[in-house]
2 protein chains.
Amino acid sequence: MRKPTIQDVARQAGVGVGTVSRVLNNHVAVKGATRETVLKAIADLEYTPNPHARRIAGGKSYTISVLLPVLTTEFYVRLLDGLESAFQEARYDVAIFPLLDRSRLERYLGSHTLAYQADGLVMATYNLTQMFHERRLRTQQPTVLVDAYSDTVDSSFMDNVSGGRLAGEYAVGLPGHLYAVWVETELDHLFTTRVFEDRRSGFLGVAQSAGRTVRREFTSSFDSLAARNTAVTLLDDAQAAGLPCTVFASADMLAGALLDEVNLRGLTAGRDVHVIGFDDQPWAAERGLTTLHQPVESMGYEAAHLLLSRLSGFNGPPRARRFEPRLIVRAST
Amino acid sequence: MRKPTIQDVARQAGVGVGTVSRVLNNHVAVKGATRETVLKAIADLEYTPNPHARRIAGGKSYTISVLLPVLTTEFYVRLLDGLESAFQEARYDVAIFPLLDRSRLERYLGSHTLAYQADGLVMATYNLTQMFHERRLRTQQPTVLVDAYSDTVDSSFMDNVSGGRLAGEYAVGLPGHLYAVWVETELDHLFTTRVFEDRRSGFLGVAQSAGRTVRREFTSSFDSLAARNTAVTLLDDAQAAGLPCTVFASADMLAGALLDEVNLRGLTAGRDVHVIGFDDQPWAAERGLTTLHQPVESMGYEAAHLLLSRLSGFNGPPRARRFEPRLIVRAST
DNA sequence: CCTGTTCTTGGAACGGGTTCCACGCGCGGG
DNA sequence: CCCGCGCGTGGAACCCGTTCCAAGAACAGG
């Protein structure tokens, strides 16, 4: 029982192989009735096209490279969900390269021996380096940025200024001193980019125009020990200055550490300490954390479509797709 | 500047395409001189064969699925090294599936829609389930077990009984009370198999025939907090009973936690407490840990060759390849 | 009802390998 | 010196899709 081929499908449906191929690839010019017949034949035979034959016949790799910093965080997992669902619909494979640090990224970009080059490139979060531009000129590879912005290529990104602003507008209505915690930009990692600066500028802008000052700002690296230390220092200060207080923690991870410490001190979040996070991690709902939800999947999905349109010939100027976070109010405020 | 094809190479070398293909695939029947000419042409043109064309022409996927529990541990990284180096030599790709728990494994094995089936299957550490046997019958897919044993399929594995015995033989010559620490077999994870039971039976067998008893045995789960707790309890008991003592920690991770605690108490490993580990992790040399080194890469390499021989037609009865750990004595004893 | 477009559609050519068959050449034996 | 065998080699056929061209079908306008 050999695997059925496109020939078998064509015979079964009483049409030519060209027609079957057109149905498979959604090339519009197929009449409704014919399309149905072909789809039925495909279903009956349990036909699945051979991707390798497709690649050699089409002269393309039908593969997209996705460059991202790491894939162990919620954010990138969701981002990949969005990217992969869009690429799957268009029958493209995705090759994931978690590059971790600048040297690996540059090694990847500089590599001359990209034997079977991907048809397109998705870069997540990375800032654009000089090497990137050189490589792009050399390879002509269609590229899209996601979670990052540049005016020279298509991009799909979150509006972090707006996210900071939303947090700010809500925070100024809450009682007590105002605090803010940011995430440190590690210089040898490219993936921090301007995300936290943007959140900060949005937040501070609103606070200022509301005539409020932030009592203290903190910067923590993105690990749980540092987050806990920051929480301790912050609460010491807040208790000394008098509760209640309101804290904008620009990443849920930081907010989580703060909630831990609040509980440990017998205080109550949403009464003594108001906490606003950012990310809407899966646990945020359970723990009742007020936070900003980001439509990360949509951002990925849209990025994929920007790239796909380039792949099918679109050649206009760079486009930018901006996504807005949404404030979700829960018990922590 | 198109990518060169096998046609270009044939022309350049003044031979037929068949000959070039034969050289590429090491089909013996090519005369030395001709082979040289072809190899030179390949080098001159910087020719790399198109894997997709190969797959469609050959009617095979030239891909091997490797099923393993996780790939974040030293052991599996080394195992993959061994597997991949062998498969690369034979121009096979490797697709890695870290399946983590029983349900994912069964979902993988039960799947009917393994569209472009791999030519062969490597299963690491997993015990064989009923589903596995059913699937094997259905798909006829050549299979090899690595780090596990069954008498129905080829296998390549470490002799953990022998490892335990080596540890035992050495331990009974060391002074003081005897302790042993094992790793807990989590029941919903398949990947613990009989490894630790085997080490235990080897170790206890030797101790018994030497007329020695083990003062206390501990079981710890494989995480650092549990390991540390176990170390504390063990050392409390040992100090109460009088030092020196000798401990066989059946995984370096456990041994490491023990060394930490030994240092913390101002004791000296190799004098007050003798520690024997198992694995020879990269840090074992630096920290002077006496341990059992496992030829994991060789085990993987051999597993790959067992599978490759099946793929090229070998059809004899199941074969088993057994590998022996080697005791490495360092300062901790 | 006829002619000229515009849609659809069939199928050959093609892409880059592998495999198999047939042929040529070299060598040993008679 | 001739014949036969086998090794080494060339190249056609094939694998399975995509694409493109030409031809048939359908439809609108006169």
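Residue numbers start from 1 in every chain, and the chains themselves are labelled A, B, ... in the order their sequence lines are given, proteins ahead of strands.
The distance between atom NZ of B:K60 and atom C1' of D:dC16, rounded to the nearest whole Å, is 17 Å. Following rounding to the nearest Å, A:I56 (CD1) and C:dA13 (P) show an atom-to-atom distance of 17 Å. Per the geometry, CD belonging to A:Q7 stands 14 Å off C1' belonging to C:dC14, to the nearest Å. Taking atom OH on B:Y62 and atom P on C:dG16, their separation rounds to 18 Å, with Å as the unit. Atom pair B:I6:CD1 and D:dA12:C1' shows a separation of 14 Å (rounding to whole Å applied). Look at NE2 on A:H52: it is 17 Å from C1' on D:dC14, rounded to the nearest Å. In this structure, CZ of A:R54 is placed 11 Å from P of D:dG17, rounded to the nearest angstrom. Put simply, CZ on B:R11 is 14 Å from C1' on D:dG11, counting in whole angstrom units.
B:R319 and B:S309 share a donor-acceptor pair across their side chains, judged by distance under 3.5 Å alone. Residues B:T5 and B:Y47 have side chains that never bring a donor and an acceptor to within less than 3.5 angstrom of each other. Counting only N and O atoms by type, the side chains of A:T63 and A:D93 include no donor and acceptor under 3.5 Å apart. A side-chain N or O of B:N25 and one of B:R91 form a donor-acceptor pair less than 3.5 Å apart. In summary, the side chains of B:Y76 and B:T125 do present a donor paired with an acceptor at a separation below 3.5 Å, with no hydrogens or angles considered. For the residue pair B:E84 / B:Y92, no side-chain donor-acceptor distance below 3.5 Å is found, with atom types taken as modelled.
The side chain of B:S21 places an N or O atom within less than 4.0 Å of a non-bridging phosphate oxygen (OP1 or OP2) of C:dT18. Put simply, A:N25 has a side-chain N or O that comes within less than 4.0 Å of OP1 or OP2 on D:dT18.
Ranked by how close their nearest DNA chain D nucleotide is to the 5' end, A:R55 and B:G59 are led by B:G59. Two residues, B:G58 and B:V30, neighbour DNA chain D, and the one matched to the more 5' nucleotide by heavy-atom proximity is B:V30.
Side chains of B:F323 and B:D159 form no contact here, defined as non-hydrogen atoms less than 4.5 Å apart.
Across the helix from C:dC1-D:dG30 to C:dG30-D:dC1, the helix axis at one end is tilted relative to the axis at the other end by 40° (nearest 10 degrees, each axis from five pairs).
Comparing C:dT18, D:dT18, C:dG10 against the side chain of B:V17 picks out C:dT18 as the nearest. Here the side chain of A:A57 is nearest to one of D:dG17, C:dG17, D:dC15, namely D:dG17.
For the segment residues 34-47 of chain B, the set of residues with a heavy atom within less than 4.0 Å of an atom of DNA chain C comprises B:Y47, in numerical order.
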Summarise how protein sits on nucleotides 20-27 of chain D as a single string, 5' to 3': B when a protein heavy atom is under 4.0 Å from the base, S for sugar-phosphate-only contact, - for no contact.
B-------
